[in-house]
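Read through the structure below, which is laid out as structure tokens, and then see the notes.
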Amino acid sequence: MSHTSQPLPRVAVLGATGFIGRALCATLDERGHGLLAVARKAPAVTLPGEFAAFDLTLDPPAELAELLTAHRIDVIVNAAGGSWGLTDEQMVPANLGMAERLLETLRGMAKPPRLVQIGSVHEYGLFPVGTSYGEDSPARPSTLYGQLKLRATELITEAVREDGLDAIVLRLGNVIGAGQPAHSLLGVMAGKLAEGLAADGAELSLMPLTAQREFLHLQDGVDAVVLALAPERACPPVLNLGLGRATSAREVVELLIEESRVPTRIVEVPAPAGTGPETEWQQLDISATERALGWKPVRSLRDAVAELWTAVCPVGV
């Protein structure tokens, strides 16, 4: 997308120290955007752009409005929230309360910035096996995280429809890449493989992991967010981001083992009752995103796990 005749939008990234936020800040900085990185506390490793410490679950919305105005922000990307390592009680303000306060902020501004909300495939829940889910497909989330993210999406789309808010929700598949959260499945597996480097190998206890899920390379997701900052054509309020195909979690773990080159013994652990390939399926229809943003995934899952592993164990370590 060309911006030769228009200045690049100034962007505030909320949750800038997180998995997606940090990668997004790096890309925005590389592409020359004015950048305000926002998080609860300053990171140990400096982020590009300007930084502001702000707790989106506690600090007054009016103060956030002042901050955005002072930095002349054109677009907000809400990459804050998440589920890994959070209790149920912590997930509510981190995913839903934050979105409510953000909408309150925007409603109080004379000229609110555009909002790009990072949503999740888990808002849909589990699909009938073999089906692809579009943005208008029934959403029946099976986890608290999915329920909270869905409610946040509903509030944002209501604001678009009823208040004229300029906003879009990008529903991402399960993101893989450098900086993977340590509590996630692949984060845990990578940690055990790293320990195996110093030993004679690693032993991983795995359930069958036959669940078929929608995955996405971190940088492909970031690239789509950048396209959504100032799209060339009108966009629907919700768009899917993924590979557009279901992949077994076991296949992804095995790719990680291959990339690590750590001798690994896998111990099979029985799956919980009621789970398996007959019930665990996610696959997104990404055709609307391709039409609206001119985006499609271009990176492989092998590339994603290779970058994850390199971040955990740099070459030569």
Side-chain angles (χ1 to χ4, degrees), residues 1-15 20-21 24 27-28 31-36 65 68-69 72-80 99-100 102-121 123-124 132-139 149-173 175 214 216 219-244 283-298:
M1 182 169 62
S2 173
H3 290 280
T4 53
S5 61
Q6 296 289 336
L8 293 173
R10 294 178 58 81
V11 185
V13 177
L14 312 183
I20 295 173
L24 178 59
T27 295
L28 291 172
R31 299 187 185 188
H33 289 266
L35 176 63
L36 174 64
L68 298 171
T69 301
R72 297 176 288 111
I73 296 302
D74 301 303
V75 186
I76 302 167
V77 179
N78 183 19
E100 293 171 333
L102 183 53
L103 287 173
E104 183 180 345
T105 298
L106 296 175
R107 288 190 177 103
M109 298 179 70
K111 187 179 179 182
R114 174 174 173 79
L115 171 62
V116 179
Q117 165 83 359
I118 303 301
S120 171
V121 64
E123 294 176 42
Y124 292 114
S132 291
Y133 258 41
E135 290 80 359
D136 295 329
S137 297
K149 293 295 284 187
L150 175 61
R151 183 55 187 148
T153 291
E154 291 171 342
L155 291 174
I156 291 167
T157 55
E158 286 171 11
V160 170
R161 184 175 61 251
E162 298 174 6
D163 305 331
L165 180 70
D166 182 13
I168 186 171
V169 178
L170 301 177
R171 281 179 171 155
L172 276 63
V175 180
E214 179 69 66
L216 178 67
Q219 192 59 48
D220 275 339
V222 166
D223 289 347
V225 172
V226 174
L227 289 170
L229 298 177
E232 293 184 337
R233 59 185 67 87
C235 287
V238 179
L239 288 173
N240 290 336
L241 298 181
L243 291 175
Q283 182 171 284
L284 293 174
D285 180 346
I286 58 173
S287 58
T289 310
E290 184 173 349
R291 291 192 299 270
L293 298 179
W295 173 91
K296 63 173 62 177
V298 296

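Note that this is a predicted model, so its numbers are computed, not measured. Numbers here are sequence positions counted from 1.
The backbone N or O of Ile118 lies less than 3.5 Å from a partner atom in the side chain of Lys149, making a donor-acceptor pair. Proximity of a side-chain donor or acceptor of Trp295 to a complementary backbone N or O of Val225 within less than 3.5 Å is not detected. Looking at Thr27, its side chain never comes within 3.5 Å of a backbone N or O of Leu24 through a donor-acceptor pair. Here the side chain of Asn240 pairs no donor or acceptor atom with the backbone of Ile286 at under 3.5 angstrom.
For the atom pair CG (Leu8) and CG (Leu28), the distance works out to 9.5 Å, reported to the nearest 0.5 Å. From Glu104, atom CD reaches atom CG of Leu155 across 12.5 Å, with rounding to the nearest 0.5 Å. Atom NZ of residue Lys296 and atom OG1 of residue Thr289 lie 12.0 Å apart, to the nearest 0.5 angstrom. Interatomic distance, CG of Leu102 versus CG of Leu14, reported as 6.0 Å (0.5 Å rounding). To the nearest 0.5 Å, the span separating CG on Leu241 from CG on Leu172 amounts to 4.5 Å. Between Leu239 atom CG and Ile168 atom CD1 the span is 4.0 Å, to the nearest 0.5 Å.
Listed by chain and residue number, Arg114 satisfy the side chain to side chain contact (heavy atoms under 4.5 Å, CB included) test with Asp166 (two or more places apart in sequence, or in another chain). For Asp163, the salt bridge (Lys or Arg N to Asp or Glu O under 4.0 Å) partners are Arg107, not counting sequence neighbours. With sequence neighbours excluded, no residue forms a salt bridge (Lys or Arg N to Asp or Glu O under 4.0 Å) with Arg291. With sequence neighbours left out, Ala167 forms a side chain to side chain contact (heavy atoms under 4.5 Å, CB included) with Leu115, Ile156, Val160, Leu165. With sequence neighbours excluded, the residues that form a side chain to side chain contact (heavy atoms under 4.5 Å, CB included) with Thr153 are Glu123, Thr157, Val169, Arg171, Val238. For Glu154, the salt bridge (Lys or Arg N to Asp or Glu O under 4.0 Å) partners are Arg151, not counting sequence neighbours.
The minimum heavy-atom distance linking Leu293 with Ala224 is given by the pair CD1-O, 3.9 Å. Smallest separation of non-hydrogen atoms from Gln117 and Ala152: NE2-CB, 4.1 Å. In plain terms, the two heavy atoms of Leu170 and Ala228 that are nearest each other are CD1-CB, 4.1 Å. Heavy-atom minimum distance, Pro9 versus Leu229: CG-CB, 4.2 Å. For the pair Leu243 and Pro297, the tightest heavy-atom approach, listed with the atom from each and the gap, is CD2-CB, 3.8 Å. Closest approach of Thr69 to Met109, counting heavy atoms only: OG1-CE, 3.5 Å.
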>> Assess the residue pair Leu284 and Tyr124 against the criterion (side chain to side chain contact (heavy atoms under 4.5 Å, CB included)); give the C-alpha distance rounded to whole Å, side-chain angles, the decisive distance to 0.1 Å, and a yes or no.
In response: CA-CA 10 Å; Leu284 293 174; Tyr124 292 114; 3.6 Å; yes
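Within the 4.5 Å cutoff, no side-chain heavy atoms of His33 are placed close to those of Val75.
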